[in-house]
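Only one structure is covered here, and it is reproduced in the block below.
As the structure is a prediction and not an experimental result, all values here were calculated from the model. Side-chain atoms are counted along with the backbone in the values below, which use heavy atoms only and exclude waters and symmetry mates.
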Amino acid sequence: MTGSTPMAVGTPVMLQFDNNSLLPLLFGEHDQHLARIEQRLGVSLISRGNRLAIEGPPGAQQMARATLNALYDRLERGKVVGGAEVDAALRMAAEGEEPVAATKSAERAPAAGSDALTRLVGPDNSILTRRRHVFPRSPTQAAYVRALMDNELVFGLGPAGTGKTYLAVAMAVAMLLAGKVDRIILSRPAVEAGERLGYLPGDLREKVDPYLRPLYDALYDMLPADQVAKRAASGEIEVAPLAFMRGRTLANSFVILDEAQNTTPTQMKMFLTRLGENGRMAVTGDPTQIDLPRGTESGLDVARTLLQRVQGIAFVQFTTKDVVRHPLVTRIVQAYEAAEDPSLPLGILGEDKRDKSRGR
């Protein structure tokens with residue numbers, strides 16, 4: 001770039017891989033994985049046989065090395081590597097964590113009663129369900145998985161696309177399959193419907209299903225469709241509006257409340273006090289996307305203030321760095337955050353675009 005100061009380039013870092021048969025999978029079709037790493041980190045990757053040279057700034061070299069080692073280790077353990085896995089390894093490396101934190105996971109001191117659950121989560125904080133192996137794609141996601149395993153009540157807070165609900169559903173399914181809970185209950189406040197719910201066509205289930213569809217989508221990712229239908233019919237899986245929770249005691253259940261920012265303080269208190277013996281709860285929401293009527297306080301905000309210091313409750317805060325949907329989603333979330341707080345950096349869009357947007 002004209003007029004820019006060139007970044008210091010370190011001595012090439014050399015990597016050597018023992019199993020040549022894994023290299024096509026590591027590099028990707030037409031070396032697309034290497035190209036992805038080069039583009040994200042600003043390095044040059046040059047392969048010669050089973051050796052790979054990393055050229056670029058020293059910091060970027062170290063992140064590339066950590067990323068490639070993590071992906072190669074994943075292949076050695078018989079797992080797949082695709083674009084999502086490359087992005088996850090890059091995200092972990094950028095945060096300064098080993099993407100496969102087997103040692104760290106083994107060394108942590110789990111909460112009382114969580115020993116029996118350790119086999120549900122692999123040494124890399126991955127969760128095994130019937131249809132897929134779900135693994136964290138950022139350090140915050142890894143911390144969230146550990147919190148779900150070690151605590152009876154976990155709040156996952158942050159922007160859309162960070163995996164808050166998806167990982168909670170994965171943990172719930174894993175616990176159901178392992179016999180640690182008897183049923184899964186998934187709930188959402190049907191705020192968008194309001195009093196107009198009765199005007200929608202169909203019976204009650206058909207009226208509320210559109211607002212619960214994202215929860216069904218996550219379930220179908222974890223279990224075959226026939227299993228979801230069978231377990232729903234038997235009562236092992238229940239997807240219901242928040243209003244249906246009133247008056248119940250949810251024992252031996254994994255209960256997930258999604259879109260919790262759209263609860264009132266009264267609704268949130270009602271939901272949290274449903275927790276029964278051998279029960280677990282995950283509450284997910286984005287405090288920046290409240291759809292309640294103007295002037296109505298969010299139950300999620302109140303709970304975050306009142307329960308921060310309560311033993312047995314964990315709060316995990318996600319940021320735009322944890323967005324694992326399409327890369328454009330990250331940039332969209334950052335753009336909205338920057339509009340609300342001009343002091344926030346918007347590096348992914350560039351300062352020039354930000355300056356222009358301010359002048360409009």
Those residues that, when tested against N278, pass side-chain contact (heavy atoms from CB on, under 4.5 Å) (two or more places apart)
N252
Partners of Q32 by side-chain contact (heavy atoms from CB on, under 4.5 Å), sequence neighbours excluded?
E29
How far apart are the C-alpha atoms of R183 and E236, what are their side-chain angles, what is the distance that settles it, and do they pass the salt bridge (Lys or Arg N to Asp or Glu O under 4.0 Å) test?
CA-CA 4 Å; R183 56 182 172 162; E236 289 181 89; over 6 Å; no
From CG (L71) to CG (L26), nearest 0.5 Å:
6.0 Å
Taking the side chain as C-beta and beyond, is there a heavy-atom pair between M222 and V169 under 4.5 Å?
yes
Any heavy-atom pair between the side chains of P159 and T288 that's under 4.5 Å?
no
Side chains of Q61 and R65: is there a donor and an acceptor less than 3.5 Å apart?
no
For E238, all residues meeting salt bridge (charged side-chain N to carboxylate O under 4.0 Å, His left out), sequence neighbours excluded
R248
Are I37 and L68 side-chain neighbours, meaning at least one heavy-atom pair lies under 4.5 Å?
yes
What pairs with A60 under side-chain contact (heavy atoms from CB on, under 4.5 Å), at least two apart in sequence or on another chain?
L41, V43, P57
Regarding Q39 and R36, is there a side-chain donor-to-acceptor distance under 3.5 Å anywhere?
no
Residue set satisfying side chain to side chain donor-acceptor pair (under 3.5 Å) with T284, at least two apart, ordered chain then number -> T165, D258
Could you walk me through whether V283 and V154 pass side chain to side chain contact (heavy atoms under 4.5 Å, CB included), step by step?
CA-CA 6 Å; V283 178; V154 178; over 6 Å; no
Among residues at least two apart in sequence or on other chains, which ones pass ring pair (Phe, Tyr, Trp, His ring centres under 6.0 Å) with F17?
Y72
So how far is it from M245 CE to M270 CE, rounded to the nearest 0.5 Å?
8.0 Å
Taken in chain and number order and not counting sequence neighbours, the residues that satisfy ring pair (Phe, Tyr, Trp, His ring centres under 6.0 Å) with F155 are F315
side-chain hydrogen bond (donor to acceptor under 3.5 Å, both in side chains) pairs touching residues 302-312, sequence neighbours excluded, are D301-R304
How would you list, by chain and number, every residue that makes a ring pair (Phe, Tyr, Trp, His ring centres under 6.0 Å) with F27, sequence neighbours excluded?
none
May I have all residue pairs that pass ring pair (Phe, Tyr, Trp, His ring centres under 6.0 Å) and include part of residues 248-281, sequence neighbours excluded?
none
Is any side-chain heavy atom of V145 closer than 4.5 Å to one of V134?
no
Those residues that, when tested against E38, pass salt bridge (charged side-chain N to carboxylate O under 4.0 Å, His left out) (two or more places apart):
none
Enumerate the residue pairs fulfilling side-chain hydrogen bond (donor to acceptor under 3.5 Å, both in side chains) with a member in residues 166-179, sequence neighbours excluded, ordered by first and then second residue.
Y166-D221
Residue pair D322 / S138, side-chain donor-acceptor N/O under 3.5 Å
yes
When you measure from the centre of the six-membered ring of F135, is the NZ or CZ of R137 closer than 6.0 Å and no more than 45° off the axis?
yes
Has Q317 got more than 12 heavy atoms of other residues, nucleotides or ligands less than 6.0 Å from its CD?
yes
